[in-house]
Amino acid sequence: MTLKNEPLLASVDAAIQAYCTAEHHFAFNPAAPVVRLHEPSFGAEEIQAVVRCMLSTRVTMAEQVKKFEGEFAQSMRASHGVMVNSGSSANLLAIAALTNPVTPDRLQPGDEVIVPALSWSTTIWPLIQCNLVPVFVDIDPLTLNLDPVAVEQAIGPKTRAVMIVPVYGNPCDMTAITDICRRRNLILIEDCCEALGTTYEGQPVGTFGHIGTFSFYYSHHISTMEGGICLTNNLGLAETMRILRAHGWVREVQNPQPYYDQNPDIDPRFLFVNLGYNLRPMELQGAMGSVQLPKLAQFVQDRRQTATNLRVGLEPYADRLLFQQETPKGRHSWFGFPLTLRDAATFSVRELRAFLTSVHIESRPVICGNVALQPAVKLYPHRIAGTLQHATHVMERGLAIPSHHLMDAAACDYVLHHMQSFMDGHR
Ligand SMILES: Cc1ncc(COP(=O)(O)O)c(C=O)c1O
């Protein structure tokens, strides 16, 4: 249904704008200081776009999602975008496509995939769900990303792929990683769920390998409430992902005709050519994405400014705090600001976090620490390559403090003032 009643729509838009102006105050308020890990990236414009979808009654995946997929893929200089309902779903869909029988030279059950030990749960679970074996390698303690030397050393006869994670938006060493993948004939999957807006030598991360995935969860660089997307330059993988995303039917593929021709007796609307899930996003999410995407560059710039302010202010404590180092040739997008306590620090992360909480500054572990130490991993086949000492160290001695686009100079000063008073009191 197209929206025709312009006067009523204008009053809906005006009411949303008035509500947001009156009630949405997420910027730092020195009179009641709170610094959260994330603040919403959206406002009246996005809510208006979502409400318009609801008013049109066209809410399930259709034109808005398709439009956003095209805009996103184009902005990332990729050929195909397949939007889904979360970043976790994007990882699942990517791995499901790469293991699917229709994919040439597909990943087979029991094949190994190298992953960084410092990663997220749903980086790993899709590998296990698709009968692959994760091989955990250690990180570089400075960049917090998987160490290319550890990757090379971990390769065994069953290794077929590498799944990388640009931690907190810091690009991996793509020169080394793509070189290893080319020489050792490995499939490259990029979980960029916390790295939207990150580039390496000017190229967006998520476009170096076979498939790149992104998250648009509430707290991420841009948000569609929940949401995610897979990017690929491979038409076959894109078509398979479109089929697996929704029930295994062919409705959303770019070129359905061959399927219709091969199955003339089956209603094309209900033609199932593969297995499938329901990982579809809603129109509301597509519409919101189209409003958010043009704002990404500014959000990333603001996050970079925040990170610079924090880094400069905390520099005097570099004897006890280890900062994440931006990868050479890379442009970090600062999903947050990770810190690791050096051996010279006489206090624990727990003490620092308790202090920050007491002054209303949120903090959290860096991703989920060494994911190989999480109890769920022990239930399933996996391999651990090396000691994973650096990922474990980050789990025991690391934390992330806020660094987002709404942190102005006053918010940074507030964080720095309290960090400084804690550090000065713990010599
Ligand atoms: C590296 C990584 N992968 C996957 C995800 C999952 O994304 P989502 O929360 O959209 O499911 C996250 C979540 O933040 C993440 O950090």
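We count ligands from 1, going down the list as the structure has it; atoms in each ligand are counted the same way. When a residue number appears, it is its place in the shown sequence, counting from 1.
Of the options I164, V135, L127, a side-chain contact (heavy atoms from CB on, under 4.5 Å) to V115 is made by L127 and by none of the others. With P126 as the partner, the side-chain contact (heavy atoms from CB on, under 4.5 Å) test is satisfied by one option alone out of L92, V113, I189, T99: L92.
When heavy-atom distances to ligand 1 are checked against a 4.0 Å cut-off, H220 comes that close only through its side chain, counted from C-beta outward. Contact annotation for T213 and ligand 1: no heavy atom of the residue comes within less than 4.0 Å of the ligand.
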| field | From CA spacing to verdict: side chain to side chain contact (heavy atoms under 4.5 Å, CB included), V312, L416 | value | CA-CA 10 Å; V312 169; L416 288 171; over 6 Å; no
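The protein heavy atom nearest to atom 5 (C) of ligand 1 is W120 CD1, 3.4 Å. Nearest protein heavy-atom neighbour of atom 1 (C) of ligand 1: D191 OD2, 3.5 Å. Of all protein heavy atoms, the one lying nearest to atom 16 (O) of ligand 1 is E194 OE1, 2.5 Å.
Residue-ligand proximity, N91 to ligand 1, at heavy-atom distances under 4.0 Å covers atoms 3 (N), 4 (C). Ligand-side atoms of ligand 1 in range of S88: 6 (C), 7 (O), 8 (P), 11 (O), range being under 4.0 angstrom from any heavy atom. Listed by number with element, the atoms of ligand 1 under 4.0 angstrom from any heavy atom of G87 are 7 (O), 8 (P), 10 (O), 11 (O). Remark: ligand 1 atoms within the under-4.0 Å shell around heavy atoms of V165 are 1 (C). Listed by number with element, the atoms of ligand 1 under 4.0 Å from a non-hydrogen atom of S215 are 7 (O), 8 (P), 10 (O). Short contacts between ligand 1 and T122, defined as distances under 4.0 Å to a heavy atom of the residue, involve ligand atoms 4 (C), 5 (C), 6 (C).
In this structure the side chain of V167 never reaches within 4.5 angstrom of the side chain of P116, judged on heavy atoms. Counting heavy atoms from C-beta on, the side chains of F214 and D191 never come closer than 4.5 Å.
Not one N or O on the side chain of S223 forms a donor-acceptor pair closer than 3.5 Å with the backbone of S219. Using modelled atom types, one side-chain atom of E283 and one backbone atom of A62 make a donor-acceptor pair closer than 3.5 Å.
A donor-acceptor pair shorter than 3.5 Å cannot be found between the side chains of T306 and H404.
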